[in-house]
Amino acid sequence: MSKQPRVRFAPSPTGKLHIGGARTALFNWAYARRHGGQFLLRIEDTDPERSTKEFERAILEGLHWLGIQWDEGPDLGGPCGPYRQSEKYPQYREVAKRLLASGHAYHCFCTTERLDKLRAEQEARKERQVYDRLCAKLDPTESARRVAAGEKAVIRFHVPPGETVCIDHIRGDVRFSHEEVDDWVMVRSDGSPTYNFCVVCDDVDMGITHVFRGEEHLVNTPKQVLLYQALGQPMPEFGHLPLMLGTDGKKLSKRTGDTALQDYRDKGFPREAVVNFLCLQGWALDGTSVLFSVDQLVQHFEIKDVQKAGAIFDPEKFRWMAGEYLRKEPLATLVAHCTPFVVEAGLATAEQLSARAKWFEEVVKTEQPRINIYSELPARIAYLFQPDDAVATNDAALAAVRKHANTAQTLRDYREWLAPKIATGVDAAALRDTSKAWAAEKGLKLPAFFQPVRFALSGEVHGADLFDVMVLLGSESVLRRLEAAASRLAAT
RNA sequence: GGUCCCAUCGUCUAGCCCGGCCUAGGACACCAGGUUUUCAUCCUGGCGACAGGGGUUCAAAUCCCCUUGGGAUCACCA
């Protein structure tokens, strides 16, 4: 690398940040950091119909959340601005004028109707559907006159004969014949520039040295490369990242699951897990490490190590990884991450939780091995917030408890035995042994003892350690719930 | 259909560029055990792939060709 690389991520604000885009951003950013270069953010909002400020903000937010910082961008500014394409129309017009003058581009007056008809005919003859260059044959001064007269026209790029090879660090060199490239539209009849045109202008303006983007752009590359040549600008090196695929093997879309980064954030996937997992779609730290940090990514990321084949996005593995990170979180951090979800679920207010901070911390600690994402917590701990005489239950749990005989009696007996022991507080460790001894003495099999008690306390037959649950509930609640369940089981 | 890209366990991948260390490694999932009052966590083991066919070579997952399969893209969208 002769000089510092400059790379960019250039989303168009026509939707929330796609996880594929997030990965593209991540790889670009990692590359810049790895090689001591700059990472820029550019907003490609040349489609006024679909672009919104709202989406732009959401995208920046998503990027921030991932922990990606850019060196130049629409919010930060920089020496190569503006970083929003909608603010650069005068510049594009200038370039188009130059290209027109140098004969690399021409005005095309063909109507949409003629173009449609042309395509239909080519289709019928099973030919390639390309523009027939009718207007390329027009005399430039004649064209200029018609344009001056107010006639609607687009500006097309005049593709010269020949062939070109472009450097792709992932795929190797990609060779293409100019024959295959259409005389594409650079400027629409309303004067607005098109994507392929803006991209090149901007990448030139911003001194971009490496273009890493999704594979769907591979077919655009020839058009863009030709433009670099026409402009007399050095070509950047490319890297077309493998597509992220849905379980159907096709490009990931809303059909096959959540595609927006925000969806995963909203569901409570730990940030580090998202970053880690996204990186694993097409890249690996080494053969064996699955879990790695952003620092490790930056330390080892090489674009040539990126996989060529598309990667099917596996939500299952993603959830597993989320759990791995969640389990490693320091308790205070996990509490902070979970709190909004508990509040959102209506279990308690943030104030109520902070008033019982120590207690809530224990609650979270108890569930930490049992949840994979933050949003799973509320449902699991809801029982702690319910009235002692109205603990929610489900049929399956009830049915399981009913399999045991004399459960009401068991609960009452246990309650009676337990009451004096927890009068001054619950000691989980002590109770664990003595309770089992008590059950044994009563001639109860362990499940016949534990299941009804658990059911009484939480309405479930599965869950955290029973005596930890008692600690969380407190003596009074425990005794009340034991009684309430006994009554209920006796009644039916 | 044209053009382009791709091809290792069901999935993510290591190995491929610079052939031998590959009787192909790791992870998810799955299955079977162990731990636990249950669930989860955790631990152990198992299952399971070089798409097919030709070359080249003493030797090919690795290089070449063909076939097959999959994908992307064919706009005055990005």
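Within every chain, numbering begins at 1; the chains are lettered A, B, ... in the order of the sequence lines, protein sequences first and strands thereafter.
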Identify whether any heavy atom of [X] sits under 4.0 Å from a base atom; if not, whether one sits that close to sugar-phosphate; answer base, sugar-phosphate or nothing.
X: A:Lys308; answer: sugar-phosphate
X: A:Gly249; answer: sugar-phosphate
X: A:Arg319; answer: nothing
X: A:Cys279; answer: nothing
X: A:Asp465; answer: base
X: A:Ser12; answer: sugar-phosphate
X: A:Val185; answer: sugar-phosphate
X: A:Asn220; answer: base
X: A:Thr247; answer: nothing
X: A:Arg454; answer: base

Any-strand Watson-Crick or G-U partner of [N], both distances under 3.5 Å:
N: B:C4; answer: B:G71
N: B:A27; answer: B:U11
N: B:G20; answer: B:C58
N: B:U44; answer: B:A32

*Determine: side-chain N/O of A:Thr194 to OP1/OP2 of B:C76, distance under 4.0 Å, yes or no.*
no
*asked:* Which residue is it: A:Tyr264, A:Phe269, A:Trp283, A:Phe313? I am looking for the one with a ring-ring contact (aromatic ring centres under 6.0 Å, His included) to A:Phe277.
replied: A:Phe313
Between [Y] and [X], does any NZ, NE, NH1 or NH2 come within less than 4.0 Å of an OD or OE carboxylate oxygen?
X: A:Lys308; Y: A:Glu215; answer: no
X: A:Arg370; Y: A:Glu376; answer: no
X: A:Lys88; Y: A:Asp205; answer: yes
X: A:Arg175; Y: A:Asp168; answer: no

Has [X] got more than 12 heavy atoms of other residues, nucleotides or ligands less than 6.0 Å from its [atom1]?
X: A:Lys421; atom1: NZ; result: yes
X: A:Glu179; atom1: CD; result: no
X: A:Asp395; atom1: CG; result: no

To the side chain of [X], which of [options] is closest?
X: A:Glu324; options: B:C4, B:A78, B:C42; result: B:C42
X: A:Glu180; options: B:U38, B:U3, B:U73; result: B:U3
X: A:Leu218; options: B:C76, B:A27, B:C5; result: B:C5
X: A:Phe450; options: B:U37, B:C76, B:C28; result: B:U37
X: A:Pro369; options: B:A40, B:U73, B:A75; result: B:A40
X: A:Val174; options: B:C5, B:A40, B:A72; result: B:C5

*Please confirm whether A:Arg156 makes a cation-pi placement over A:Tyr131, using NZ or CZ under 6.0 Å from the six-membered ring centre and within 45° of the ring normal.*
yes
*Could A:Lys328 and A:Tyr325 be counted as a cation-pi pair, given that NZ or CZ must be under 6.0 Å from the ring centre and within 45° of the axis?*
yes
*For nucleotides 45-51 of chain B, read 5' to 3', which letter fits each nucleotide if B means a protein heavy atom sits under 4.0 Å from the base, S means only the sugar-phosphate is that close, and - means neither?*
-------
*Along nucleotides 12-19 of chain B, 5' to 3', which nucleotides get a B, which get an S, and which get a -, given that the test is a protein heavy-atom distance under 4.0 Å?*
BSS-----
_Between A:Arg8 and A:Asp203, is there a side-chain heavy-atom distance shorter than 4.5 Å?_
yes
